[in-house]
Amino acid sequence: MSEKPVESLSEGEAAEELKRLAAEIAEHDRRYHTEDAPTISDAEYDALARRNLAIEARFPDLVRADSPSRRVGAPPAEGFAKVRHAVPMLSLAKAYTDQDVADFIERGRRFFDRDKDLDIAFTAEPKIDGLSASLRYENGVFVQGATRGDGAVGEDITANLKTIADIPKKLQGSGWPEVIEIRGEVYMTYAEFEALKQRSAAVGGQDYVNPRNTAAGSLRQKDPSVTASRNLKFFAYAWGYTTADPAPTQYDSVQKFKEWGFKVSPLMVRAKSIDELIAQYHRIEEQRSSLGYDIDGVVYKVDQLELQRRWGFVTGEPRWAVAHKFPAEQAMTTVERIDIQVGRTGTLAPVARLAPVTVGGVVVENVTLHNEDYIKGFDSNGQPIRDGIDVRIGDAVVIQRAGDVIPQIVSVVIDKRPASAVPYEFPHTCPVCGSPATREINEKTGKEDSRRRCTGELICAAQAVERLRHFVSRGALDIEGLGAENIDLFFNSGLVKTAADIFTLKDRRPAVTKALAERREEQARLREEASGKTRKNVRSVEERNYEGLDKLFAAIDARREPELDRFIFALGIRHIGETTAAVLARQFSTIEELIRVGKETAKAEDPHTVFPSINGIGDTVINALRDFFGNERNDDVLDALLAQVRPKPYVMEISAGSEVSGKTVVFTGTLEKMTRSEAKAMAERLGAKVAGSVSAKTDLVVAGPGAGSKLKVASDLGIEVIDEDTWLQRIGRGG
Ligand code: IVH
């Protein structure tokens, strides 16, 4: 839930996210297909894959060569011979709701729009939760069997498949094509699974997690007699390469399979309408628990092969089929405790600790309770809130893992509420640093934020790393060579806890060297692991020469007298961005003055009696300053910091002399040397006025690449237009 919605990702973030997802999904594919030991549920996996697709849909240019959407499954494991599938083995698009199914059918209708009288028929059959296999028959004889692998290349497991009774070694009846690859699912029944577990327990053998993974492991045995002992089963439901269609329709083809000696699902039907499909879905769902094997949905396929061919494929999936998944499973458990976690921005996030319970094959022990109002079930005005629940410690709750990732509480079982259960008291202090935790009022809506936040700012350990990263970032102190990565390292190794510690790093040179060396070692080790190669000459830690370290210390020293606006911004006070920091710097001129006024304001009953009225500074900022300077615990941190750095007093000196002083400037297009807010702050520092749109009052337009309509207006009005470099030269910053 902490994930940013796809709609609000910037292009850069999207690229990063796609990279992360590609790596993460590849790893899960490997665990699932190659090791038969998945670490996340199918629903979680699907959620990752869907997020990947959604981002790719928004940023088609960012689709990676190694995108999960371009491949199916994981590469085959070592040990078995590889088999290239003559026709790739595909996966299925998924539907979670009746509406998704209706959309699928509608897509079909639209696709075949030209054929108004076309009667599209469908088949509906259970989605078996096992492993797919492809069986090649030449002249009716089973010659080769393979796993799906990555969809293109699988593993040759012919010997193991031959031990499965449901797989005919020779096709029965007649009329089979000269060559056909029969595809279907290898699975294990619950009865067989239980029997195997018992046999194994009796001899102190391994434990087996679930039938699917056990079936997978059984198929990949080196010794076919082990596979034989597992009594696996097989349903045929599709085909790959063939010299002739088995029949003109999906349904009749599968009936042919039956004649040829295969087991096919008895629950497969042909249907004409969405109502019939959904009815079959529910019929199958009803029988789910008595089937004796795992199924996880119902697969719908276009019946007419001719239409299947016309509708075709998207990457890795047929357009003409969809898997309608069963809804998330639910389970009941109790809330044992409610813990408060403090996020990096100081948000207090409540988490229910549950008595562990298995839902859809995964043990759930924690579930987010979102915020204070959610737990109460109503907001601070006493209004019931949407999706809110009154949940208390000791309550029995129904939880589910919905069609995607996160487990959630569906409802509280009020009948089971213990008499002792009292409404949960949300803490008003931060559990990490003890500072007051408050809910802000949104200035625009007048509404209270649903999140309570720690006001500990500089002193709260939970927020510490994030603040340190901010402190050294570009618009702030901008210390060269001290990026987020090094900050994380120094923080985690205890070398830097607060911003002041950065400036005393030099005194701890040996410890810094050690931390950097350890990280290098670790990185080298990881690289080695990934490549499987060992390094030739391993230099010892002492031998390493960190000439970069002197540079880093020099860069830190170079920032001991930062510009006041950068320093104020670097403090990371809420709601104080670069622009506001510049306004405050101009107003107060020295850090001492800002601190003095800030503290006075914090003490005053009505802040406006103390804090001057400044253009561009509203109550949100004033309240943030009150919180910050009113928190005595920030004093020590600030004192320690000011013992190390002396922010330069803000002097107007340049403005009078500056060429742009008094001019109205408009920035448009992409700036390459600075952010828009930096540019604005800089211009204002020089006494210019920065406007958002071009008008007759505009004196100067600074245009970067991609500048659009503003440029045209400027030229129509005969206003001077310059590029970023010229601008920088003009204000004396050009190189
Ligand atoms: S049809 C061209 N039918 O689901 C379509 N697949 O998510 C190929 N599966 O890899 C698949 N039951 O392992 C089909 N009745 C069924 C199925 C089924 C289970 C599996 C199969 C496939 C995966 C796709």
Side-chain angles (χ1 to χ4, degrees), residues 29 32-33 36 38 42-43 45-46 49-50 53 68-69 71-74 85-96 104 122-135 145-152 154 157 161 166 181-188 211-213 215-216 219 232-242 245-246 249-251 253-255 257-258 262-271 277 280-281 284 288 291 293-305 307-309 311-326:
D29 281 343
Y32 186 92
H33 293 283
D36 303 319
D42 289 357
Y45 178 89
D46 291 347
R50 265 182 295 145
L53 278 179
S69 67
R71 61 190 149 79
V72 184
H85 300 300
V87 170
M89 292 183 77
L90 304 172
S91 64
L92 292 167
K94 292 176 184 73
Y96 294 93
F104 161 65
F122 299 89
T123 57
E125 69 199 276
K127 184 170 189 300
I128 319 293
D129 197 10
L131 297 305
S132 50
S134 186
L135 318 169
T147 62
R148 179 166 81 161
D150 65 5
I157 50 163
L161 289 168
D166 289 348
E181 290 175 0
I182 301 286
R183 290 178 178 175
E185 205 83 352
V186 177
Y187 65 98
M188 182 178 264
R212 188 200 168 278
N213 294 354
L219 263 190
L232 298 174
K233 314 264 280 164
F234 181 83
F235 274 133
Y237 52 64
W239 60 97
Y241 177 76
T242 178
D245 284 348
T249 64
Q250 179 78 28
Y251 189 85
S253 297
V254 173
Q255 297 316 306
F257 294 171
K258 199 162 143 191
F262 289 98
K263 294 280 188 314
V264 301
S265 172
L267 293 170
M268 177 174 180
V269 298
R270 183 154 30 200
L277 291 178
Q280 183 63 7
Y281 173 85
I284 293 174
R288 186 179 184 186
L291 289 177
Y293 52 87
D294 272 332
I295 61 173
D296 57 353
V298 174
V299 182
Y300 308 132
K301 299 171 188 166
V302 167
D303 192 36
Q304 298 98 321
L305 304 192
L307 299 186
Q308 289 186 0
R309 271 189 281 266
W311 203 358
F313 302 87
V314 269
T315 21
E317 290 170 0
R319 286 208 172 86
W320 44 265
V322 73
H324 190 180
K325 304 275 278 195
F326 290 131

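The figures here come from the full heavy-atom set of this structure, side chains too, leaving out hydrogens, waters and symmetry mates. Each ligand, and each atom within it, is numbered from 1 in the order the structure gives.
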**Student:** Please write down residue, atom name and distance for the protein heavy atom closest to atom 23 (C) of ligand 1.
**Tutor:** Lys127 NZ, 4.1 Å
**Student:** Can you report which non-hydrogen protein atom sits closest to atom 21 (C) of ligand 1, along with the distance?
**Tutor:** Tyr237 OH, 3.0 Å
**Student:** Nearest to atom 19 (C) of ligand 1, what protein heavy atom do you find, and at what distance?
**Tutor:** Ile128 O, 3.1 Å
**Student:** In this structure, does ligand 1 have an atom that sits under 4.0 Å from one of the heavy atoms of Pro318?
**Tutor:** yes
**Student:** Glu181 and Leu135: side chain to side chain contact (heavy atoms under 4.5 Å, CB included), yes or no, with the steps?
**Tutor:** CA-CA 5 Å; Glu181 290 175 0; Leu135 318 169; over 6 Å; no
**Student:** Of the protein's non-hydrogen atoms, which lies at the shortest distance from atom 3 (N) of ligand 1, and what is that distance?
**Tutor:** Lys301 NZ, 3.1 Å
**Student:** If the cut-off is 4.0 Å to any non-hydrogen atom of Pro126, which atoms of ligand 1 fall inside it?
**Tutor:** 12 (N), 15 (N)
**Student:** When you compare the side chains of Glu185 and Tyr237, does any donor N or O come within less than 3.5 Å of an acceptor on the partner?
**Tutor:** yes
**Student:** In this structure, does ligand 1 have an atom that sits under 4.0 Å from one of the heavy atoms of Met89?
**Tutor:** no
**Student:** What part of Arg183, side chain from CB on, backbone N/CA/C/O, both or neither, has a heavy atom under 4.0 Å from ligand 1?
**Tutor:** neither
**Student:** May I have the step-by-step check of side chain to side chain contact (heavy atoms under 4.5 Å, CB included) for Arg319 and Val314, ending in yes or no?
**Tutor:** CA-CA 6 Å; Arg319 286 208 172 86; Val314 269; 3.3 Å; yes
**Student:** With a cut-off of 4.0 Å, which atoms of ligand 1 are near a heavy atom of Ser91?
**Tutor:** 24 (C)
**Student:** Looking only at protein heavy atoms, identify the closest one to atom 20 (C) of ligand 1 and say how far it is in Å.
**Tutor:** Glu185 OE1, 3.5 Å
**Student:** What atoms of ligand 1 come within less than 4.0 Å of a heavy atom belonging to Leu90?
**Tutor:** 10 (O)
**Student:** Any salt bridge between Asp294 and Lys127, counting N to O under 4.0 Å?
**Tutor:** no
**Student:** Answer yes if the ring centres of Phe104 and Trp311 are under 6.0 angstrom apart, and no otherwise.
**Tutor:** yes
**Student:** Can you tell me if NZ on Lys233 sees more than 12 non-hydrogen neighbours from other groups inside 6.0 Å?
**Tutor:** no
**Student:** Can you sort out which atoms of ligand 1 are near Arg148, meaning under 4.0 Å from one of its heavy atoms?
**Tutor:** 10 (O)
**Student:** Is the distance from the ring center of Tyr293 to that of Tyr187 below 6.0 Å?
**Tutor:** yes
**Student:** Strictly under 4.0 Å, does any heavy atom of Ser265 approach an atom of ligand 1?
**Tutor:** no
**Student:** State if Ala238 counts as touching ligand 1 under the rule of any non-hydrogen atom under 4.0 Å.
**Tutor:** no
**Student:** According to the interplanar angle, ranging from 0 to 90°, do the rings of Phe262 and Phe257 count as parallel (below 30°), tilted (30 to 60°) or perpendicular (above 60°)?
**Tutor:** perpendicular
**Student:** May I ask you to test the Pro318-Leu92 pair for a side-chain heavy-atom distance under 4.5 Å?
**Tutor:** yes
**Student:** Are Arg270 and Thr123 close enough that a side-chain donor and a side-chain acceptor fall under 3.5 Å?
**Tutor:** no
**Student:** Just need the protein heavy atom nearest to atom 7 (O) of ligand 1, so name the residue and atom and give the distance.
**Tutor:** Leu92 N, 3.4 Å
